[in-house]
Amino acid sequence: MRARSVAPLPTGVGATDRAPRSVARDRPESGNWNAPSAGIPSPAPMTDLAHPDRLQKIAALRAQGLDPYPARGVVATPIPVLLAGAGTPEAPGPLAGTRVTVAGRIELLRDFGKLVFAPLLGQGGRIQAGLERDRLGEWWPSRKLLDGGDQVGVTGVLGHTKKGEPTVWAESVTLLAKAVAPPPEKWHGLVDKELRYRRRYVDLWASEGVAQVFVKRSQALSTIRRYLEGEGYLEVETPTLHPIAGGAAARPFITHHNALDCDFYLRIAPELYLKRLVVGGLERVFEVSRNFRNEGLSQRHNPEFTMLELYEAQADYRRMLEIAEQIVERCALAVNGTTKVTFRGAEYDLGAPFPRVGYTELFRERNGFEFDDLARVRRRAQELELHLVDDPWKLMNDVFEATCEDGLAGPVFVVDYPIGISPLAKQKPGDPRLAERFELYVAGMELGNAFSELNDPAEQERRFVEQVASKDPEAPGEVDWDYVQALEYGMPPAGGLGIGVDRLVMVLTGQDSIRDVLLFPAMKPEPRAVRAAPKGTEPSGKAGPERP
RNA sequence: GGGCGCGUAGCUCAGUCGGUAGAGCAACUGGCUUUUAACCAGUAGGUCGAAGGUUCGAUCCCUUCCGCGCUCACCA
């Protein structure tokens, strides 16, 4: 909530005869609770989590004419500012001894009878409030209505305890929102992974370091945007609903538009739209897009994931190498202050430049023959007990991934991919077997993919037709003729790059699983939705929740 | 989709070789004015994930289902 003053409520407009107290949030009176709001009762809490004792406290508050969910917050000083301003007992800071207001969630209550310590959690930190009987006067008995998890505002003098901990010695306490669900166990916090993901709103404050991961994620995205804008790029937004699932080989989600009475595919890649924009004269574009693939889940795969894609006219994949390096290095520095990261037990240096290794050379080194020796590829695939897919080029790449990918600790660029697995990339001059394409690997994980974009419409049409004709269930179902037509209008030579933002954030923050860098990873719906009616009110026991 | 594992109080976990369950924290009551997982005493809290089967009796054994985790497959 933004800090601002609120004009007193005019008498008779939603105000009561206690209105002068109700608007006192900027000048809290000692011992003041919140004045009542319009007297609208809240509906009964809906889930099993609501604790009866806490519901009774709400009833007690309302009985006193007090609002457990007041309309206004308090004007508070951010906790990091308070901590810095408090200094130490030996060297008090500029705020020590002054009256301050802090807002936050009561982490827990340590009750000593006539003194209660209450660590308050807010964004950016934790500071302790000290509630003393002798300072709080007539409010003091009301402390019994507070619980761990409640949102409160505390005004008092900033000081220290005997042990030197910064403490706001409360002169008034304002309940800002009553928590009816109890917080997790204070020492272990939330450890059940399912609960952590389902109740991220608890995990974010109850589990150490979780919020920081998402702060870093935001910083990384912000860094990417700043860098690309500095390079003259324009951020754009292209459709999520696609008539043809193109730009990647993946199984799409299908949805239906009622008014148009047609099916759409959820975006599997923004690529073809972004290149249309390059045709349209937007010479440097990028998009941070959510993509959806109807495939398996794993530590590296979520059904929806975030991809950065960018395209630059007059550039080729060599320029994309540089941009990829810059993005990774700048993000590391912005997020961690160093290019060194620890991921899955190993240390990596994300400082540019990254080494390059040729796909051809790597394949030959690990397998002892050329990647386009398809007969030997097939034998090798049998040795490796790989699933023998029909598409020889796909099989070749399966062999590559099985034999080469694990060794790519990285960061490293694998450059010059076989053209057979690069349907949207331009052929490498002087070697018709290869495309001007690279992938970026870190910790054996593909982080990025880039190429010199194919802009020959006839060649693109030929490859599309070939794809559609293939037996690959993940190939597009039909040729994107509109895209071919776009190329017919002429697309300048261009380089394009895609970076898996979730995976990049995994590496930057040292998280093993993609789920730990997604605020709300995909989960099956929780069967429990609503709670039974309050005890004793079920008509016959049949009206309870459906709990299959 | 396959394999392995897990599901017991709000949270973290014990336990029952089959006789319907315990601890710590949280909650509630009482005590305590400097705690850092405070402490001390007491109280309350559970259709032991769901359904079915075996059994005199199932939270425990069996089957199926649901959810989650790990792993393999899948995943340019």
Side-chain angles (χ1 to χ4, degrees), chain A residues 47-57 107-119 126 128-135 144 147-149 159-165 167 169 179-199 202 206 247-251 268-269 271 293-303 305 385-387 389 391 393-394 396-398 400-401 405 414 417-418 420-425 435 437 439 446 449 451 467 472-475 498 500 512-515 521 523-528 541 544 546-548:
Chain A
T47 80
D48 293 330
L49 280 177
H51 197 285
D53 294 323
R54 293 172 184 243
L55 297 177
Q56 279 174 13
K57 289 178 185 180
E107 192 176 20
L108 56 95
L109 293 160
R110 292 196 191 93
D111 191 337
F112 284 82
K114 296 179 186 65
L115 166 71
V116 180
F117 286 115
R126 168 193 290 117
Q128 169 172 279
L131 277 53
E132 294 175 294
R133 182 193 61 182
D134 296 343
R135 281 182 200 254
K144 294 288 184 189
D147 289 296
H160 296 87
T161 62
K162 287 175 184 170
K163 294 198 176 164
E165 174 152 349
T167 301
W169 296 107
V180 294
E185 200 260 358
K186 66 186 174 192
W187 182 241
H188 298 89
L190 263 190
V191 297
D192 183 302
K193 284 192 178 185
E194 178 188 354
L195 276 180
R196 288 189 45 211
Y197 299 140
R198 286 197 192 279
R199 299 191 194 151
V202 178
R251 288 163 59 187
I268 59 172
E271 173 148 356
R293 297 188 182 178
N294 204 342
E295 294 163 351
L297 289 73
S298 79
Q299 283 197 308
R300 297 173 267 323
H301 300 86
N302 193 66
F305 63 100
E385 297 180 350
L386 299 179
H387 179 60
V389 294
D391 182 346
W393 292 115
K394 189 162 177 356
M396 179 277 303
N397 199 46
D398 288 346
F400 174 85
E401 288 179 356
E405 214 169 55
V414 178
Y417 270 62
I421 54 169
S422 310
L424 296 162
R437 173 184 177 187
E439 291 197 356
E446 181 194 336
N449 185 14
F451 26 92
Q467 268 189 306
D472 185 354
E474 288 171 357
D512 287 353
S513 171
I514 194 171
R515 302 185 133 202
M523 307 270 273
K524 281 215 179 189
E526 202 169 9
R528 174 191 60 64
E546 292 192 10
R547 266 190 113 142

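The analysis underlying the following values was restricted to heavy atoms, covering all of them including side chains, and did not include hydrogens, waters or symmetry mates.
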Return the minimal non-hydrogen interatomic distance between L109(A) and A118(A), and the atom names on each side.
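The pair with the smallest heavy-atom distance is CD2-CB, 3.8 Å.
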Closest contact, heavy atoms only, A248(A) versus R293(A)
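In terms of heavy atoms, the two residues are closest at CB-NH2, 3.4 Å.
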Using the [atom1] atom in both, what is the distance from [N] to [M], to the nearest Å?
N	M	atom1	value
rU63(B)	rU20(B)	P	25 Å
rC62(B)	rG45(B)	P	33 Å
rG7(B)	rA50(B)	C1'	11 Å
rA14(B)	rA23(B)	P	16 Å
rC60(B)	rC39(B)	C1'	38 Å
rG22(B)	rA9(B)	P	14 Å
rC48(B)	rC11(B)	P	15 Å
rU33(B)	rG49(B)	P	44 Å

Within the 4.0 Å heavy-atom criterion, would you say [X] contacts the bases, only the backbone, or no part of the nucleic acid?
X	result
E295(A)	sugar-phosphate
D147(A)	sugar-phosphate
W169(A)	base
E439(A)	sugar-phosphate
R437(A)	sugar-phosphate
P183(A)	nothing
E401(A)	sugar-phosphate
G500(A)	nothing

Pick the closest RNA chain B nucleotide for R300(A) and for I421(A) by heavy atoms, then say which residue is nearer the 5' end.
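Residue closer to the 5' terminus by nearest nucleotide: R300(A).
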In whole Å, I'd like the distance from the [atom1] atom of [X] to the [atom2] atom of [N].
X	N	atom1	atom2	result
L108(A)	rA27(B)	CG	P	9 Å
K193(A)	rG7(B)	NZ	P	17 Å
D512(A)	rC70(B)	CG	P	10 Å
R196(A)	rC6(B)	CZ	P	22 Å
Y197(A)	rG67(B)	OH	P	18 Å
L109(A)	rU36(B)	CG	C1'	14 Å
R198(A)	rC11(B)	CZ	C1'	17 Å
K163(A)	rU34(B)	NZ	P	10 Å

Out of [options], which has the shortest distance to the side chain of [X]?
X	options	result
R54(A)	rA27(B), rC32(B), rC11(B)	rA27(B)
E165(A)	rA76(B), rU33(B), rU35(B)	rU35(B)
E446(A)	rA76(B), rA27(B), rC70(B)	rA76(B)
F112(A)	rU33(B), rA76(B), rU36(B)	rU33(B)
Q299(A)	rU71(B), rU35(B), rA76(B)	rU71(B)

Hey, is F117(A) stacking on rU35(B)? Ring centres under 5.5 Å, planes under 30°.
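The base of rU35(B) is stacked with F117(A) (centres under 5.5 Å, planes under 30°).
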OP1 or OP2 of rU35(B) less than 4.0 angstrom from a side-chain nitrogen or oxygen of K162(A), does that happen here?
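Looking at the OP1 and OP2 atoms of rU35(B), neither is under 4.0 Å from any side-chain N or O of K162(A).
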N/O (side chain, R110(A)) to phosphate O (OP1/OP2, rU36(B)) under 4.0 Å:
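So the side chain of R110(A) is outside the cut-off, no N or O lying under 4.0 Å from OP1 or OP2 of rU36(B).
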Is any side-chain N of the basic residue among E107(A) and R126(A) closer than 4.0 Å to the acidic one's carboxylate O?
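A salt bridge is present here (some side-chain N lies under 4.0 Å from a carboxylate O).
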Pairing check on [N]: which nucleotide meets the Watson-Crick or G-U wobble criteria with it, both distances under 3.5 Å?
N	answer
rC32(B)	none
rA58(B)	none
rC65(B)	rG49(B)
rU43(B)	rA27(B)
rG1(B)	rC72(B)
rG22(B)	rC13(B)

Taking the side chain as every heavy atom from C-beta outward, state whether N397(A) and P418(A) have any pair of such atoms under 4.5 Å apart.
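No, every pair of side-chain atoms sits at 4.5 Å or beyond.
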Side-chain heavy atoms of P303(A) within contact of L297(A), under 4.5 Å:
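A side-chain contact under 4.5 Å exists here.
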Can you find an N or O donor on one side and an acceptor on the other, under 3.5 Å apart, linking the side chain of Q128(A) with the base of rU35(B)?
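Looking at the base of rU35(B), it does pair with a donor or acceptor on the side chain of Q128(A) (distance under 3.5 Å).
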Quick check with a 6.0 Å cut-off and a 45 degree axis cone: is R110(A) positioned over the face of F117(A)'s six-membered ring?
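Checked: cation-pi criterion not met.
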With no hydrogens and no angle check, is any side-chain donor or acceptor of T167(A) less than 3.5 Å from a backbone partner on W169(A)?
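Flag not set: sc T167(A) to bb W169(A) has no pair under 3.5 Å.
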For R437(A) and V414(A), indicate whether the former's side chain and the latter's backbone hold a donor-acceptor pair under 3.5 Å.
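No: the side chain of R437(A) does not pair with the backbone of V414(A).
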